[in-house]
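Here's the structure we're looking at; comments come further down.
Since the structure is predicted, the reported quantities are computational estimates derived from the model, not experimental observations.
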Amino acid sequence: MAATGSVSVSVGSQELRTGRVPAALAALGAFAAVRAGGALVLATGAWWAGRSPVRVLGHSWDSVWYLGIAVHGYGRTQMWVSSGLVQSDRAFFPLYPLLVRLAGATAWAGLLVAWTAAAVAAVGVYRVGELVLGPRAGVLLVALWAATPHAVVLTLAYTEPLLAALAAWALYAVLRHRWLWAAGLAVLAGLTRPTGIAVGAAVTAAALHALLVRRSSEPGVWAAALLAPAGWAAYVAAVGIRTGSPAGYFTVQERWGSRFDFGSYTTATVWRALTGAQLPLASFVTVAVLAAAGLLAVLLLLDRMPVALLAYTAVLLLITYGGAGYFESKPRFLLPAFPLLLPVAAAMARARPRSAVVATAGLAGLSCGYGLYLLLIARVPL
């Protein structure tokens, strides 16, 4: 449904009227307002703590690695004698560092790429929400996504904004049956970060569903099914060739402390939190986020959402729940899983506008405060 000119869509007994403002622009404005507020809070906190806001936003944790790749290329390895970790920059996929290099290879360049991608992602998230639930729910979906606990990452020099942008528009292309566009975006998503395989899996699953269930004869479906995972597979294969082992990329990840153990590590850490272990606040928030994500996934399935959205979300959840290491980073891994918020956006779209605005504003305030805690107070990797 087009969101241009005057928009009026019935949602229960309520109507969304945006006058001459396109609903997509309203969604982008809501996203910008929430995340700009978060950036302002973070910048103020950084100044108060005597730290550079640009350094906090553009040179924290993984941002250091991305900037190093952008400036010097691959080849850096860092060893930690105390923990036995051997951290190679080949754990990081190449698309974001390449874009940062093209933009100038500075912390500001990293932020420019991330902020641009976040804005593109916000419009893509709106388009998916609009197509599935209508314009009003689409705007609320974007606002909710901007106000998630770890949404501060959308203002950092990280890869999640880029992955979210590519994923949102790939899913939108699938829903509109634009198979080659979907496949191309999935290839790029697969070159962005390890969880980019979720986009390829979603496009492939939707294409196979179209071929086997709907008996589709649309051009490009077979090509989409085959090509979508190619970006992710190409980088994993390249690291395998570089290291001399077909499983080379997974060995690199394991030496970082990350591996897939079918949820043993996650279950054990959640149990420790629930039984009173002395863990940081971020650990308990992670437990809450994982529980909420599981519940929302069930609601998403019960709502019979399109196959592409279900497959994309399922793979992200599988990787997040099943991966070992960096427990407090798991909500960040789920940040691109915006379809999880569709049931909430649908419910809020049926509520009175004032209630929806108040609820979203409250969540945004909590998100801004928690982002400040994560970047300036917490002693855990983000």
Inter-residue atom distance Leu300.CG - Leu295.CG, 0.5 Å rounding: 11.0 Å
For the residue pair Thr148 and Leu334, establish whether any side-chain heavy-atom pair is separated by less than 4.5 Å. no
Scanning both residues in full, the closest heavy-atom pair of Ala170 with Ala186 reads CB-N, 4.4 Å
For the side chain of Lys330 and the backbone of Val289, is there at least one donor-acceptor N/O pair under 3.5 Å apart? no
Do Met305 and Pro339 come within less than 4.5 Å of each other through their side chains, counting heavy atoms only? no
Distance (rounded to the nearest 0.5 Å) between Leu290 CG and Thr267 OG1: 10.0 Å
What's the shortest heavy-atom distance between Pro97 and Ile69, and which atoms? CB-CG2, 3.6 Å
Evaluate Leu28 against Tyr126 for side-chain contact (heavy atoms from CB on, under 4.5 Å), listing each step before the verdict. CA-CA 8 Å; Leu28 181 58; Tyr126 165 76; over 6 Å; no
Using side-chain heavy atoms (C-beta onward) and a distance below 4.5 Å, is Val152 in contact with Arg35? yes
Does Val142 belong to the same Ile/Leu/Val/Met/Phe/Trp/Tyr cluster as Met348, with side-chain heavy atoms less than 4.5 Å apart forming each link? yes
Indicate yes or no: at least one non-hydrogen side-chain atom of Leu166 is less than 4.5 angstrom from one of Thr192. yes
Main chain of Val285, side chain of Tyr370: is a donor-acceptor contact present, judged purely on distance under 3.5 Å? no
What do the steps show when you test Leu281 against Glu328 for side-chain contact (heavy atoms from CB on, under 4.5 Å), and what is the final call? CA-CA 9 Å; Leu281 173 62; Glu328 292 80 12; over 6 Å; no
Separation between CG of Leu309 and CG of Leu175, rounded to the nearest 0.5 Å: 5.5 Å
Is there a donor-acceptor pair under 3.5 Å between the side chain of Tyr96 and the backbone N or O of Gly110? yes
Is atom CZ of Arg214 surrounded by more than 12 heavy atoms (other residues, nucleotides or ligands) closer than 6.0 Å? yes
Minimum side-chain heavy-atom gap Leu382-Ser60 below 4.5 Å: no
Can you get from Tyr373 to Leu279 by hopping between Ile, Leu, Val, Met, Phe, Trp and Tyr side chains that sit under 4.5 Å apart? no
Do Thr275 side-chain atoms and Trp271 backbone N/O form a donor-acceptor pair below 3.5 Å? yes
Which label fits Phe262 and Phe260: parallel for a plane angle under 30°, tilted from 30 to 60°, or perpendicular past 60°? perpendicular
Over 12 foreign heavy atoms within 6.0 Å of CZ, Arg55: no
Please say yes or no: joined through hydrophobic side-chain contacts below 4.5 Å, possibly via intermediate residues, are Val357 and Phe31 part of one cluster? no
Looking at Trp145 and Ala337, would you say the former's side chain and the latter's main chain have a donor-acceptor pair under 3.5 Å? no
Measure the spacing between CG of Leu208 and CG of Leu226 and express it to the nearest 0.5 Å. 8.5 Å
From Trp169 CH2 over to Leu188 CG, what is the distance, rounded to the nearest 0.5 angstrom? 15.0 Å
Would you say that Phe333 contacts Arg193 through its side chain, given a criterion of any heavy-atom pair below 4.5 Å between the two side chains? yes
Measuring from Trp222:CH2 to Leu211:CG, what's the distance to the nearest 0.5 Å? 5.0 Å
Carefully, step by step, assess Trp65 and Gln78 under the rule side-chain contact (heavy atoms from CB on, under 4.5 Å). CA-CA 11 Å; Trp65 288 91; Gln78 186 166 318; 4.0 Å; yes
Side chain to side chain, Leu375 and Leu156, heavy atoms closer than 4.5 Å: yes
Do you know the tightest heavy-atom contact between Thr204 and Ala225? OG1-O, 3.0 Å
Sole residue of Trp256, Trp61, Tyr235, Tyr74 in ring-ring contact (aromatic ring centres under 6.0 Å, His included) with Phe92: Trp256
Provide the closest heavy-atom pair for Ala117 versus Ala165 in the form atom of the first, atom of the second, distance. O-CB, 3.4 Å
Let's go through Trp232 and Tyr249 carefully: what are the C-alpha distance in whole Å and the side-chain angles of both, what is the deciding distance for ring pair (Phe, Tyr, Trp, His ring centres under 6.0 Å) to 0.1 Å, and is it a yes or a no? CA-CA 11 Å; Trp232 183 89; Tyr249 178 77; 7.4 Å; no
Leu376 and Leu42, any side-chain heavy atoms less than 4.5 Å apart: yes
Is a side-chain N or O of Ser63 found less than 3.5 angstrom from the main chain of Ala157, in a donor-acceptor match? yes
Hydrophobic clusters here meaning ILVMFWY residues chained together by side-chain heavy-atom distances under 4.5 Å, can you tell me if Val54 and Leu40 are in one? no
Would you kindly confirm whether Leu302 and Leu317 end up in one hydrophobic cluster when ILVMFWY residues are joined by side chain heavy atoms under 4.5 Å apart? no
Closest contact, heavy atoms only, Arg332 versus His150: N-CD2, 3.9 Å
Restricting to non-hydrogen atoms, name the atom on Leu227 and the atom on Ala183 that form the minimum distance, rounded to 0.1 Å. CB-CB, 4.4 Å
Can any side-chain N or O of Thr313 pair as donor or acceptor with the backbone N or O of Leu310 at less than 3.5 Å? no
Whether the Ser88 and Arg90 side chains hold a donor-acceptor pair (N or O, under 3.5 Å, no angle test) is what I'd like checked. no
Give the C-alpha distance, both sets of side-chain angles, the deciding distance and a yes or no for side-chain contact (heavy atoms from CB on, under 4.5 Å) between Leu144 and Phe338. CA-CA 9 Å; Leu144 287 168; Phe338 65 89; over 6 Å; no
